[in-house]
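Just so it is clear: chains get the letters A, B, ... in the order the sequence lines come, proteins before strands, and each one is counted from 1.
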Amino acid sequence: MRAASAALSSPFSSARRGHPACRRAPLIVKPGIMSTRYNARTAEPKWQKAWEDSGSFLTRSEAEAEGRPKYYVLEMFPYPSGKIHMGHVRNYTMGDVIARFKRARGFNVLHPMGWDAFGMPAENAAIERKTHPARWTYENIATMRSQLKAMGLGIDWTREFATCDPEYYAHEQALFLDFLSKGYVTRKKSNVNWDPVDNTVLANEQVIDGRGWRSGALVERRELTQWFLKITDMAEDLLAGLDTLTRWPEKVRLMQKNWIGRSEGARVFFSFAGNDSREPLEIYTTRPDTLFGASFCAISPGHPLAAELAAANPAMADFIAECQRVGTNEAALEKVEKKGMPTGLFLQHPFDKSVTLPLYIANFVLMEYGTGAIFACPAHDQRDLDFARKYDLPVRPVIAPKDLEAAALQAFLADLATTATEAFTGDGVAVNSGFLNGLDVTSAKRAAIEKLEELGIGAGTVNFRLRDWGVSRQRYWGCPIPVIHCGDCGVVPVPKAELPVRLPDDVTFDKPGNPLDRHPTWKHVACPSCGKPATRETDTFDTFVDSSWYFARFCSPKAETPTDRAAVDYWLPVDQYIGGVEHAILHLLYSRYFSRAMQGTGHLGLAEPFEGLFTQGMVTHETYKGADGRWLFPEEIVMAEDGSARHVETGEAVTIGPIESMSKSKRNVVDPTSIIDQFGADTARWFILSDSPPERDVQWTDAGAEGAWRFVQRFWRLLTEAAPDLSPVGTPGLALDQFSPEALALHRTSHQTLAALTDDIENLRFNRAVARIYEFANSFSASKADGPDGAWAKREALEFMVIMISPMMPHLAEESWQVLGHTSMVVDTAWPVADDALLVEDSVTIAVQVNGKRRDEIVIARDAEKALIEKAALALEKVEKAIDGKPVRKVIIVPGKIVNIVV
RNA sequence: GCGGGUGUGGCGGAACUGGUAGACGCGCUGGAUUCAAAAUCCAGUUCUGGUGACAGAGUGUCGGUUCGAUUCCGACCACCCGCACCA
């Protein structure tokens, strides 16, 4: 057998070391000659078909579950961009390991797959390649589905859907109508990025340096009336709910908390001074305790009052326009200098009518937060101080550090009022603040709010950074918003019986703008209420709407209502959700909101849809740059012996760049399909799980993938060589005293590995699980166990090993299971339970330290007396030498762990 | 600026609640096998010194607690991520 296999050519046989182009020679295995080589190319499709034929991964209903507890594993569904990438391989492999593992552990598992299929790339493809978005999308889905199937994922494909299926979005429209009637939805004006050349609305990511990505035109802000889901109404609950999500990463909860951005403060009305008859100006502050330190007020350039004033003042209009131009500038990279312009208006101090404060328009005041207007206390706010120093406005300190001596206090206040450039924002006591004097910050806030409420000019309030979720998109390839605009009746919901509002197929993308809007007939309908001519809403939903409830639809994908209550009540919450951390905020927050809204409209019975969340790291790869500065694909590179790189064709030197996450733009991508073709899905799965902890980035390397492939072959060789000498299937176990020491050691190792690996997978520590298998394989190879007891121990070891690799390398496991003489499939085999009695050893190795430094070790009975351990430790030659005749002051003995002799 | 995270061999990374640092993999070195290579197998591989047994140093830096610290505490440095004028 050996001789035959030695003649085989491996995929690497012609490879010069480090030469990817050569390494990628296809895996050619000639049947017959190569019986000792594992042939993934024939085995993998065979077992994929076997699983499909036996319906291995079809989901059982609650009634069919026969008391098995349910377990819902979900990976974030993919956008059908064309082909799967390594990030998908990592994400779906992890989910599959959990799904298969839980299934073997006796759970009734739901593990579905679908497609997040609406979105702009389909429209871009339509423009660039003249294909219809639907065609482009469904073709991509077909490609990616077959790629995912080639990975051998244990998925119930009968539940598959795409969000662009009318059967899906019909229910999304129904949900929206329910939300609408429940008062969860509102329409209001909102700014969009408008491309004046293409006459189209741009998403934020289509605006690059203030210009449209396609036209290059300067982007304008335009106000449109748009649909909003009132997520802010649930801000408090969304925040509170975070505390219950104990199986979410702390980091994600924190990010959501910051995003929601709850703050407590006060709204205060400032009356205009003099004879001004305007309504009082409403401001928001978190520091009502510093009201006595007010030195001016400011409104945002976007404030309605600013617009009003600008109408009569061209200089002010110019200033506002300048501010807004800066506002569109991406990322606000440089700290924009604080600038303002006096309005000429003055306001009365709420607590002291004799004090008037000038009102500015200031570029640092945000319209989107609070009321778009502030009062400024420069002494205790850095921004206000910067502004005050620039425009020479008064600085009035009203909070001082506690327990300052009189002289120090005077010096502190004088400095802050005159020259200090750093505001004092710490805790302290109120000074120069009338009725607040002497109170600490917290009490002063409370007292100030009470006073405002008493005077009827303000109130304590809670404010959120979170804003309502604008769901309108002026695009074709999305779910139509099911409403009709009637001249007489206003906004009229489409009757549910008429759902879905389907997208028309006959659209063109030769002109800019929304094809729905310019379609000759689609939008013209009769008003459902009065029957007069009316028009459809031509906006479609943000695609985050589609992905905010798909997890619920998977529970009953064919139901005639959005959800089947019995099904969602059984399956939800998702027990383990897995995806990229890039969705930590929006997708996950929107889904949490949707659950609450669906709960409120009776479609669901819970508020938190994802009980366990895991955010996996990215897949990275080295980058390569040619002499001309262009990025190169890994397969265009040849590595030389000395580690330098050359171009495979031109031979010119290539610069090896930093390791970065795989991206098309940097070309540092490896195509999963070519990996599967050459090594098989199991190798790809095994490698992507090994090496790095799943939450961290993993670097894809050729050497690592080859290492995984070598292990597949090694495992197969180990198994096929040992198989003839194993005891027959089903041979009863032996009593412990019937084992030889070697066989007993292997028997123990089997159970110890099983216990440890089970724990690792349970906790998603896949890299450690992989390492344990390697360790186990090493000790199996080294085992000297023989005879009937050895044959039994070896069978047990191999059976455990096959079962343990089965969630990770399912095809190899099935093939191996057969070699072991089984007629059933591993996928139908229960996960074994480790025997606790075998987990602890009778004797333990204890390190012996002298003054904390390890000198030697002793092997001694686990339950040995302390005195015995001490005696054994002191008797060691090396220990004696280390003690060197010095008096022993103390001997610390931790049974089973360590001995430390202090001299 | 604010918040969070991470720093361990040539590389990716192990080390349970403070108890033998470097499991496992990659790479590398030597050997076996081979006409030769590939594959495979065996041995070695933290660093420094020594032929060697061995000795010393060592988990980003500095300090602390402890019989004992990768682990706990304090200060600092570097990198990564999120938010970024949030009143």
Within this structure, what is the CD1-to-C1' distance between Ile260(A) and C86(B), rounded to whole angstrom?
15 Å
Carefully, step by step, assess Ile361(A) and Ile299(A) under the rule side-chain contact (heavy atoms from CB on, under 4.5 Å).
CA-CA 5 Å; Ile361(A) 294 179; Ile299(A) 56 174; 3.9 Å; yes
Between Phe296(A) and Tyr391(A), ring centroids under 6.0 Å:
no
Rounding to the closest angstrom, what is the interatomic distance between U17(B) and A38(B) at atom C1'?
49 Å
Determine the interatomic distance between P on U40(B) and the same-named atom on U46(B); round to the nearest Å.
23 Å
For C85(B), does the base pair up with any side-chain atom of Lys338(A) as donor and acceptor (N or O, under 3.5 Å, distance only)?
yes
Show me the donor-acceptor pairs, under 3.5 Å and distance only, between side chains in residues 262-269 of chain A and residues at least two apart or in other chains.
unit_1: Arg262(A); atom_1: NE; unit_2: Glu236(A); atom_2: OE2; d: 2.8
unit_1: Arg262(A); atom_1: NH1; unit_2: Glu264(A); atom_2: OE2; d: 2.8
unit_1: Ser263(A); atom_1: OG; unit_2: Tyr284(A); atom_2: OH; d: 2.7
unit_1: Ser263(A); atom_1: OG; unit_2: Tyr369(A); atom_2: OH; d: 3.2
unit_1: Arg267(A); atom_1: NH1; unit_2: Glu282(A); atom_2: OE2; d: 3.3

Taking the P atom of each, how far is G10(B) from G22(B), in whole Å?
16 Å
Val902(A) side chain, from C-beta outward: closest of C41(B), A87(B), C67(B)
C67(B)
Rounded to whole angstrom units, what separation is found between the CG atom of Leu588(A) and the P atom of G82(B)?
15 Å
Applying side-chain hydrogen bond (donor to acceptor under 3.5 Å, both in side chains), name anything that partners Arg396(A), two or more places apart in sequence or on another chain.
none
Nearest-neighbour nucleotide for the Ile374(A) side chain, A87(B), G13(B), C85(B) considered:
A87(B)
To the nearest Å, give me how far apart CG (Asp381(A)) and P (G1(B)) are.
17 Å
Going by side-chain hydrogen bond (donor to acceptor under 3.5 Å, both in side chains), name the residues that satisfy it together with Asn668(A), two or more places apart in sequence or in a different chain.
none
Summary of side chain to side chain donor-acceptor pair (under 3.5 Å) pairs that have at least one residue in residues 890-903 of chain A, sequence neighbours excluded
none
Could you work out, with ring pair (Phe, Tyr, Trp, His ring centres under 6.0 Å) as the rule, every residue matching His751(A), not counting sequence neighbours?
His747(A), Phe800(A)
Check the distance between A14(B)'s C1' and Glu695(A)'s CD and give it to me in whole angstrom.
13 Å
Just jot down the side-chain hydrogen bond (donor to acceptor under 3.5 Å, both in side chains) partners of Trp469(A), sequence neighbours excluded, or say none.
Asp542(A)
Determine the Euclidean distance between corresponding C1' atoms of C24(B) and U8(B); express it in Å to zero decimal places.
15 Å
What string of B, S and - do you get for nucleotides 19-26 of chain B, 5' to 3', when a contact is any protein heavy atom under 4.0 Å?
BB--BSSS
Whichever of Ala373(A) and Met255(A) has the more 5' nearest nucleotide on RNA chain B, that residue is Met255(A)
Atom pairs under 3.5 Å, N or O on each side, protein against nucleotides 44-46 of chain B: can you list them with distances?
none

Salt bridge between Asp759(A) and Arg765(A), side-chain N to carboxylate O under 4.0 Å?
yes
Between C2(B) and C72(B), how far apart are the two P atoms, rounded to whole Å?
24 Å
Please confirm whether any donor atom in the side chain of Arg287(A) sits under 3.5 Å from an acceptor in the base of A87(B), or the reverse.
no
Whole angstroms only, please: what is the CG-C1' distance between Asp386(A) and G1(B)?
11 Å
Report the secondary structure of RNA chain B in dot-bracket form, marking unpaired bases with a dot and bases paired to a different strand with |, and treating Watson-Crick or G-U pairs with both distances under 3.5 Å as paired.
(((((((..(((......[....)))((((((.......))))))((((....))))..(((((..]....))))))))))))....
Less than 3.5 Å apart, which donor and acceptor atoms pair up between the side chains of residues 373-386 of chain A and the rest of the protein, not counting sequence neighbours?
unit_1: His380(A); atom_1: ND1; unit_2: Phe424(A); atom_2: O; d: 2.8
unit_1: His380(A); atom_1: NE2; unit_2: Val398(A); atom_2: N; d: 2.9
unit_1: His380(A); atom_1: NE2; unit_2: Ile399(A); atom_2: N; d: 3.0
unit_1: Asp381(A); atom_1: OD1; unit_2: Arg383(A); atom_2: N; d: 2.9
unit_1: Asp381(A); atom_1: OD1; unit_2: Arg383(A); atom_2: NE; d: 3.1
unit_1: Asp381(A); atom_1: OD1; unit_2: Asp384(A); atom_2: N; d: 3.1
unit_1: Asp381(A); atom_1: OD2; unit_2: Arg383(A); atom_2: NH2; d: 2.6
unit_1: Gln382(A); atom_1: OE1; unit_2: Ala423(A); atom_2: N; d: 2.9
unit_1: Gln382(A); atom_1: NE2; unit_2: Asp386(A); atom_2: OD1; d: 3.1
unit_1: Gln382(A); atom_1: NE2; unit_2: Thr421(A); atom_2: O; d: 2.8
unit_1: Asp384(A); atom_1: OD2; unit_2: Cys377(A); atom_2: N; d: 3.0

Counting the atoms with a prime plus P, OP1 and OP2 as sugar-phosphate, which does Val581(A) contact under 4.0 Å by heavy atoms, base, sugar-phosphate, or nothing?
nothing
Quick one: side-chain hydrogen bond (donor to acceptor under 3.5 Å, both in side chains) partners of Ser295(A), sequence neighbours excluded?
none
Round to the nearest Å and state the distance from Ile901(A) atom CD1 to U66(B) atom P.
21 Å
With a cut-off of less than 4.0 Å, is there a side-chain N or O of Arg696(A) near OP1 or OP2 of G13(B)?
yes
Could you run down nucleotides 49-57 of chain B 5' to 3' and tag each one B, S or - for protein heavy-atom contact under 4.0 Å?
-----SSSS
In whole Å, what separates the P atom of G60(B) from that of G9(B)?
8 Å
Let's go through Val395(A) and Arg389(A) carefully: what are the C-alpha distance in whole Å and the side-chain angles of both, what is the deciding distance for side-chain contact (heavy atoms from CB on, under 4.5 Å) to 0.1 Å, and is it a yes or a no?
CA-CA 8 Å; Val395(A) 178; Arg389(A) 292 284 184 240; 3.4 Å; yes
Should the pair His583(A) and His587(A) be assigned to parallel (<30°), tilted (30 to 60°) or perpendicular (>60°) ring geometry?
perpendicular
If you compare every side-chain N and O of Arg253(A) against the phosphate oxygens of G4(B) (OP1, OP2), does one of them come in below 4.0 Å?
no
Mind checking whether Phe687(A) and Trp700(A) have ring centres under 6.0 Å apart?
yes
In whole angstrom, give me the gap between the C1' atoms of G13(B) and A23(B).
10 Å
Would you say Ser661(A)'s side chain and Thr620(A)'s backbone share a donor-acceptor pair under 3.5 angstrom?
no
Gln616(A) CD - C81(B) P separation (whole Å)
17 Å
G9(B), syn or anti by chi within 90 degrees of zero:
syn
In whole Å, what is the span from the CG atom of Leu254(A) to the P atom of C2(B)?
16 Å
Which atoms form the tightest heavy-atom contact between Asn851(A) and Val902(A), and what is the distance?
OD1-CA, 3.4 Å
Pairwise P distance, G25(B) and C35(B) [rounded to whole Å]
30 Å
